[in-house]
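Remember, predicted model here, so these are calculated numbers, not experimental data.
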Amino acid sequence: QAIIHPDTGEKIFMPFRMSGTEAYCGVEVVGLLLPNQTLVSTIFWQWLNQSHNACVNYSNRNASKPAPVSKFVQGYLGAVTSAVSIAQTLIKPSATFSHDIIKGVIAACLPVLHYGPTSRLLVQRFIPFPAVASANVCNVVLMRHSELSEGISVLDDDGNVVGTSKVAARHALLETAVTRVVLPMPILVLPPMIMAVLEK
């Protein structure tokens with residue numbers, strides 16, 4: 001079940017299997033958690049991480065109905081753009097987006113950014129998680145958006161297609177988006193917490 005795609009019956013390429021997340025994301029996670037990130041390094045690591053995530057989402061998509069490659073490209077570009085934008089906004093909210101609403105939300109949610117360098121450093125260590133989690137959700141929604149409008153196949157207990165459902169598509173997309181937020185939590189949230197304690 002972890003290797004064979006249920007719709008196509010073909011083997012999923014090993015690095016893009018859900019069971020291979022921890023094994024193949026190690027380098028990306030280390031890069032995302034590196035201290036003193038520059039604009040170039042942030043863009044590179046977020047691009048690498050979302051490139052891998054886009055391939056995972058595409059390889060594990062609902063393939064009961066054919067989807068154009070343009071959807072994959074759209075999801076890929078949207079995920080990378082959102083990841084880099086969110087990461088840079090959290091680091092330098094006043095220098096990244098000019099939109100007053102976005103700056104207001106960031107300032108309200110993270111007022112500690114305006115305080116001392118120690119507090120700012122602590123907050124910056126957690127920046128990879130909201131950036132990655134938001135981009136993961138964007139990635140899933142953009143790549144599988146056609147399922148919301150067209151629905152997905154619904155099967156009976158014997159595996160026979162009994163119809164197409166947009167409600168099932170919404171449930172599937174929501175559950176997948178939630179998992180994409182939860183999965184990176186242990187590897188992007190726990191290390192900064194542990195390091196903060198150890199440094200004290």
With sequence neighbours excluded, give me every side-chain hydrogen bond (donor to acceptor under 3.5 Å, both in side chains) pair touching residues 165-189.
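Every side-chain hydrogen bond (donor to acceptor under 3.5 Å, both in side chains) pair that includes a residue of residues 165-189, provided the two are not neighbours, is Asn57-Arg180, Arg144-Thr176.
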Rounded to the nearest 0.5 Å, how far apart are [atom1] of [X] and [atom2] of [Y]?
X     : Y      : atom1 : atom2 : result
Thr81 : Gln50  : OG1   : CD    : 10.0 Å
Asn53 : Cys138 : CG    : SG    : 11.5 Å
Gln1  : Ser19  : CD    : OG    : 11.5 Å
Ser59 : Met14  : OG    : CE    : 13.0 Å

For the backbone of Glu28 and the side chain of His52, can you confirm whether one donor and one acceptor N or O come within less than 3.5 Å of each other?
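Checked: no pair found.
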Please walk me through it: do Val132 and Asn49 pass side-chain contact (heavy atoms from CB on, under 4.5 Å)?
CA-CA 8 Å; Val132 168; Asn49 181 58; 3.5 Å; yes
Geometric class of the Phe44/Trp47 ring pair [parallel <30°, tilted 30-60°, perpendicular >60°]:
tilted
Examine [X] and [Y] and state if one hydrophobic cluster contains both, with Ile, Leu, Val, Met, Phe, Trp and Tyr joined whenever side-chain heavy atoms are less than 4.5 Å apart.
X      : Y      : answer
Val189 : Leu33  : yes
Leu174 : Val182 : yes
Val56  : Leu183 : yes
Val140 : Phe129 : no
Met18  : Phe16  : yes

For residues 153-164, which side-chain donor-acceptor pairs fall under 3.5 Å, sequence neighbours excluded?
{"unit_1": "Asp156", "atom_1": "OD1", "unit_2": "Asp158", "atom_2": "N", "d": "2.9"}
{"unit_1": "Asp156", "atom_1": "OD1", "unit_2": "Gly159", "atom_2": "N", "d": "3.0"}
{"unit_1": "Asp156", "atom_1": "OD1", "unit_2": "Asn160", "atom_2": "N", "d": "2.8"}

Using side-chain contact (heavy atoms from CB on, under 4.5 Å), reason through Val29 and Leu188 one step at a time and then give a plain yes or no.
CA-CA 7 Å; Val29 170; Leu188 292 179; 4.2 Å; yes
Would you check if Val30 and Trp45 make a side-chain contact, meaning some heavy-atom pair closer than 4.5 Å?
no
Any side-chain heavy-atom pair of Tyr24 and Arg17 under 4.5 Å:
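No; the side chains remain at least 4.5 Å from each other.
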Could you check Ile12 against Asn60 for side-chain contact (heavy atoms from CB on, under 4.5 Å), going step by step and ending with a plain yes or no?
CA-CA 8 Å; Ile12 300 171; Asn60 293 277; 3.3 Å; yes
Side-chain donor-acceptor pairs of residues 190-197 under 3.5 Å, sequence neighbours excluded:
none

Please give me the minimum heavy-atom distance between Ala172 and Ile152, naming the atom from each residue.
CB-CD1, 4.2 Å
